[in-house]
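Structure, as structure tokens:
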Protein chains: 2
Amino acid sequence: MHLMSRWDPEVSRSVEDYLKAIYTLQESGGAVRTSTLAERMGVAAPSATSMVARLAAGGFLRHTPYRGVELTEKGSRIALEIIRHHRLWEAFLHHALDVPIDQLNEEAERLEHVLSDELEAHMVRVLGDPTHDPHGDPIPSADGTVDSAVYPNVTDLPDGASATVRRVPSEDPALLRYLKTLGLLPGASIVLRRREPFHGPLTLTADGVERVIGRELAGQILVEPGSPPELPRAHPAKQRRRRG
Amino acid sequence: MHLMSRWDPEVSRSVEDYLKAIYTLQESGGAVRTSTLAERMGVAAPSATSMVARLAAGGFLRHTPYRGVELTEKGSRIALEIIRHHRLWEAFLHHALDVPIDQLNEEAERLEHVLSDELEAHMVRVLGDPTHDPHGDPIPSADGTVDSAVYPNVTDLPDGASATVRRVPSEDPALLRYLKTLGLLPGASIVLRRREPFHGPLTLTADGVERVIGRELAGQILVEPGSPPELPRAHPAKQRRRRG
DNA sequence: TTGGTAATTTAGTTGAGACTAAACATAGCG
DNA sequence: CGCTATGTTTAGTCTCAACTAAATTACCAA
């Protein structure tokens, strides 16, 4: 359900892919150059330039030649819609088909271009208006707002810190599979131990099991610091917990 | 899972659509002329001719100029794969999202081009290797065999006949919505009464309620004749024979 | 200020897949 | 047997989205 129901056939799959790429590049850095865009899209530089020209003509972005590119409101809206579709599909496939987390991205990459407003409404109904996908990435709302919470990664934690895994934004299937075997997916509670000096590997406890992981991997795990609401070990009734 | 894993990017969405259209036209009539194909695809005749030339070059069909077109084994295999995808998506969306039957076709029309072997396997697992979609249309098996059972429609039944609805192959949403309100979807048990002469409307009982329907609508309802296995109502009311 | 290098854009080509207009077969009828 | 209507194919053009090669701009260093 979108204010401007955008079922223009004017917006091809290709255009959607470019806008999404530009949006994510814009999020994670300054000016978006055509070379960066070309690399991300796996095309030659002139192909990116000519698509940029088309997108500018369509009012999706502003282009300062030789400088870079910036999405307009219209362009951002479509990019966010595609990202919403992507993450809704991931959440739905995980929920309904138990598709393992390492396969979700590849499937959603194709499905994101094919989600009608009607089907989206059915998903939202069944999933209960989810706010995050299985990687912990925020799902933009239908009106185009995104939760912009920024989490530190495990390497930012001090020795002895407790934290809860919130996001594993990697798209590398092997990495995600490994994190799954380690029980380090969103929601997991961990305690960090810094045993090795000189930026060595980190030790962390999850599910009561100790794991030693490299810093590169640790950098892919975004956490919310703080002791999780401790479950009472032995007896009294479960206290209710509430995140604000 | 396909013997020949066909993830050629050689086969575009457009090619898939043409092959599927040719397959269904071939099923329901003799020679497939380019004009018929053009009409079905909503394109001008020369567009169909040039696509036919491409498909022939790719070995998907044989073309006898001015005569018609016939799918090769290769072409049929892809058409059946797309039809399998279409019907699996319909079954899945109905199962997992409760998408109403009148919306299924439109959604599956887009999704059928986007179903990986992996996702297909997940669906088959969750749905229990379904043989029919919610319209009662047979789902081709992964190796390309199709249940070719042919059912008569309601207008073929004699007065007083009992039957079970097996297929409602229409793609008209309004018609399907109406059939749903009448309780005349696949699986429903009906009893036919011919009250009106001269090929007038038909009266049938489903769920213990009498409905009067026109012959045009009745022609869209394919049934398996015979009394359904009657559950013992109250007592030795009417003992019915079971179907094999 | 000027050159050189790297990034970017322009120019020109290609293949899909659509279109219209025109040429060409086929079949039915006199 | 030939004419004509209808259906089909050919010819030529258009847009999208890619490519390579060549020209242009930006930036940095001397």
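Here is the naming used below: chain letters follow the sequence lines, and residue numbers restart at 1 for every chain.
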field: E90(B) side chain vs P134(B) backbone, donor-acceptor pair below 3.5 Å
entry: no

- line: To the nearest angstrom, the CE-P distance between M41(A) and dA18(D) comes to 7 Å

task: Answer with yes or no whether the side chains of H135(A) and N105(A) bring together a donor and an acceptor at under 3.5 Å.
output: no

Show each protein N/O and nucleotides 11-16 of chain C N/O combination with a separation under 3.5 Å, one pair to a line.
none

message: For a quick test of reading the model: is some side-chain N or O of H63(B) closer than 4.0 Å to OP1 or OP2 of dT9(D)?
response: yes

message: If you assign V43(A) and G68(B) each to the DNA chain D nucleotide with the nearest heavy atom, which residue ends up on the more 5' nucleotide?
response: G68(B)

Contacts of E112(B) that satisfy salt bridge (Lys or Arg N to Asp or Glu O under 4.0 Å) - sequence neighbours left out: K20(B)

- prompt: Is it true that D102(A) and K180(A) have a side-chain N and a carboxylate O under 4.0 angstrom from each other?
  reply: no

query: Does some side-chain heavy atom of M51(B) sit less than 4.5 Å from a side-chain heavy atom of P46(B)?
result: no

query: Which residue, P65(B) or S50(B), contacts DNA chain C at a nucleotide closer to its 5' end, judged by nearest heavy atom?
result: S50(B)

query: Quick one: does R87(B)'s side chain have a donor or acceptor within less than 3.5 Å of a partner on P138(B)'s backbone?
result: yes

Please produce a list of atom pairs where a protein N or O lies less than 3.5 Å from an N or O of nucleotides 4-7 of chain C.
none

- prompt: Say you draw a straight line from CD1 of I139(A) to CH2 of W89(A); how long is it, rounded to the nearest 0.5 Å?
  reply: 13.0 Å

field: D17(B) CG - dG17(C) C1' separation (whole Å)
entry: 13 Å

query: Can you name the closest pair of heavy atoms from I213(A) and L182(A) and give their distance?
result: CG2-CD2, 3.9 Å

message: On the nucleotide dC19(D), are OP1 or OP2 found under 4.0 Å from the side-chain N or O atoms that S47(A) carries?
response: yes

message: Tell me the interatomic distance from L19(A), atom CG, to dA17(D), atom C1', rounded to whole angstroms.
response: 15 Å

